[in-house]
J.: 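My questions all concern the structure below.
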There are 2 protein chains.
Amino acid sequence: MPAVPPRSGEAIFASAERVNAELFTLTYGAIVRQLITDLEEVDEVNKQLDQMGYNIGVRLIDEFLAKSNVTRCVDFKETAEVIAKVGFKMFLGVSATVTNWDAEGTTCSFVLEDNPLVDFVELPDTCQGLHYCNVLNGVIRGALEMVSMKTEVTWIRDMLRGDDTYELQVKLLKQIPEEYPYKDDE
Amino acid sequence: MPAVPPRSGEAIFASAERVNAELFTLTYGAIVRQLITDLEEVDEVNKQLDQMGYNIGVRLIDEFLAKSNVTRCVDFKETAEVIAKVGFKMFLGVSATVTNWDAEGTTCSFVLEDNPLVDFVELPDTCQGLHYCNVLNGVIRGALEMVSMKTEVTWIRDMLRGDDTYELQVKLLKQIPEEYPYKDDE
């Protein structure tokens, strides 16, 4: 069977079912507000958003693999490019840029020019420690774990905290060797 | 200035910024799961989803009025048709049917054939009293309140509870006379 070429994030985004971005933004805002009310501590809210993202990521990876025709990436570098160009585009409708690689090729940053999660958002003074978009960390962490990469994801820059852009650092901690359910000779 | 004709829900949906429906569905699922964990009682979860929807609705109405060119509806009947054909389509990408009018023309139902909120959702036995899509009630209630209509919104049929479709009943309780900020002669 000939290999199917990977599809562009743009093409997948255009053909997939979608909902209005403002509805999504307001819905996400409602979650954050709810968590702030329930948990009170912003650190707890950050943790919970990350956990929610993780749960989303471990499921979204299936949709990603099914729709993108992306096959095994050769290394973390290729994986990062695919997330930035296909993953972000396919789900959020915006691309990210991969930058700030370390010498070992195990840490890089995603820079987001446009971020649909934060439209109309302003943080009150009481929420200064909040990582409003922390769900994204969790999504990336969860999705990568499903393809055997343990990562740590951290905000480096955040426009809601006065920075000039959104920069999310992803550090590869460990590549888990894949376990095959059956031996070859079975 | 000539009146601008109202735009179809389809046209607005196609031209608006959008995000992937699966991401939205999973994000909404994460909220519901979070609320179930935090609040434990399904009745409380239903209430909270409704309240979140209300907060979303009071903001979404602005986007709706700005993008749809819909002007004042003559009565509740026209309002209901506009919500079903333009509102649902514009935000969720699906239309609803308006049906089951009462004799007074103050109560009707929206029937949804397709409901992007519930993809991949199955309710465990412990959640049988849950109105999973209760956010929709709140959105409608909140949006209508902003155009001076007090309503009560109730689920009549729910596929997650074994019914054959989604039917949401909207009852007009009171039409609040609009108050103008200035008198005519000021």
Side-chain angles (χ1 to χ4, degrees), chain A residues 9 12-35 37-39 44-45 48-64 66-67 87-94 114-117 119-121 135-136 138-139 142-143, chain B residues 9 12-35 37-39 44-45 48-64 66-67 87-94 114-117 119-121 135-136 138-139 142-143:
Chain A
I12 307 162
F13 183 70
S15 66
E17 286 190 39
R18 285 165 292 172
V19 301
N20 182 284
E22 179 153 353
L23 176 64
F24 176 71
T25 308
L26 290 175
T27 303
Y28 183 68
I31 306 178
V32 179
R33 179 197 282 221
Q34 177 69 34
L35 288 175
T37 310
D38 289 352
L39 303 174
E44 282 304 307
V45 177
Q48 199 60 52
L49 287 173
D50 177 74
Q51 183 59 42
M52 284 166 106
Y54 179 86
N55 295 338
I56 296 172
V58 300
R59 299 202 46 183
L60 223 46
I61 185 75
D62 287 336
E63 164 98 349
F64 176 77
K67 296 273 167 67
F88 274 95
K89 186 76 200 172
M90 167 173 173
F91 291 113
L92 287 176
V94 299
D114 193 11
N115 181 351
L117 287 176
D119 289 336
F120 341 101
V121 175
V135 74
L136 291 180
V139 169
Chain B
I12 308 163
F13 183 70
S15 66
E17 288 192 36
R18 286 165 291 171
V19 301
N20 182 285
E22 179 153 353
L23 175 63
F24 176 72
T25 308
L26 290 175
T27 303
Y28 183 69
I31 307 179
V32 180
R33 181 198 282 222
Q34 177 69 33
L35 289 174
T37 310
D38 290 352
L39 303 174
E44 282 303 308
V45 176
Q48 200 59 53
L49 287 172
D50 177 73
Q51 183 57 43
M52 285 166 105
Y54 179 87
N55 294 338
I56 295 172
V58 299
R59 301 202 45 183
L60 223 47
I61 185 75
D62 287 337
E63 164 98 349
F64 175 77
K67 296 274 168 68
F88 273 95
K89 185 74 200 175
M90 167 174 173
F91 291 113
L92 287 176
V94 298
D114 194 10
N115 182 350
L117 287 176
D119 288 335
F120 341 102
V121 174
V135 73
L136 291 179
V139 169

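Computed from a prediction, not measured in an experiment: that's the story for all the values here. Every heavy atom of this structure was used, including side-chain atoms; hydrogens, water molecules and symmetry mates were not.
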J.: Mind ranking A:Leu39, A:Asp38, A:Leu60 by heavy-atom pairs under 4.5 Å with chain B and telling me who comes out on top?
T.: A:Leu60

J.: Roughly how far, to the nearest 0.5 Å, is the OG1 atom of A:Thr27 from the OH atom of B:Tyr28?
T.: 8.5 Å

J.: Nearest 0.5 Å please: distance from the CG atom of B:Leu35 over to the CD atom of A:Gln34.
T.: 5.0 Å

J.: What heavy-atom pair brings B:Leu23 and A:Phe91 nearest, and what distance separates the two atoms?
T.: CD2-O, 3.8 Å

J.: Measure distances from A:Gln48 to the heavy atoms of chain B and classify the residue's part below 4.5 Å as side chain, backbone, both or neither.
T.: side chain

J.: Could you give the distance from CE (A:Met52) to CZ (B:Arg33), rounded to the nearest 0.5 Å?
T.: 9.5 Å

J.: Is it true that, when you exclude A:Gln51 itself, more than 12 heavy atoms of the residues, nucleotides or ligands shown sit nearer than 6.0 Å to its CD?
T.: yes

J.: Quick one: pull up CD in B:Glu22 and CD1 in A:Ile56 and give me the separation to the nearest 0.5 Å.
T.: 10.5 Å

J.: Can you tell me how far OG1 of B:Thr25 sits from CD of A:Glu63, rounded to the nearest 0.5 angstrom?
T.: 9.0 Å

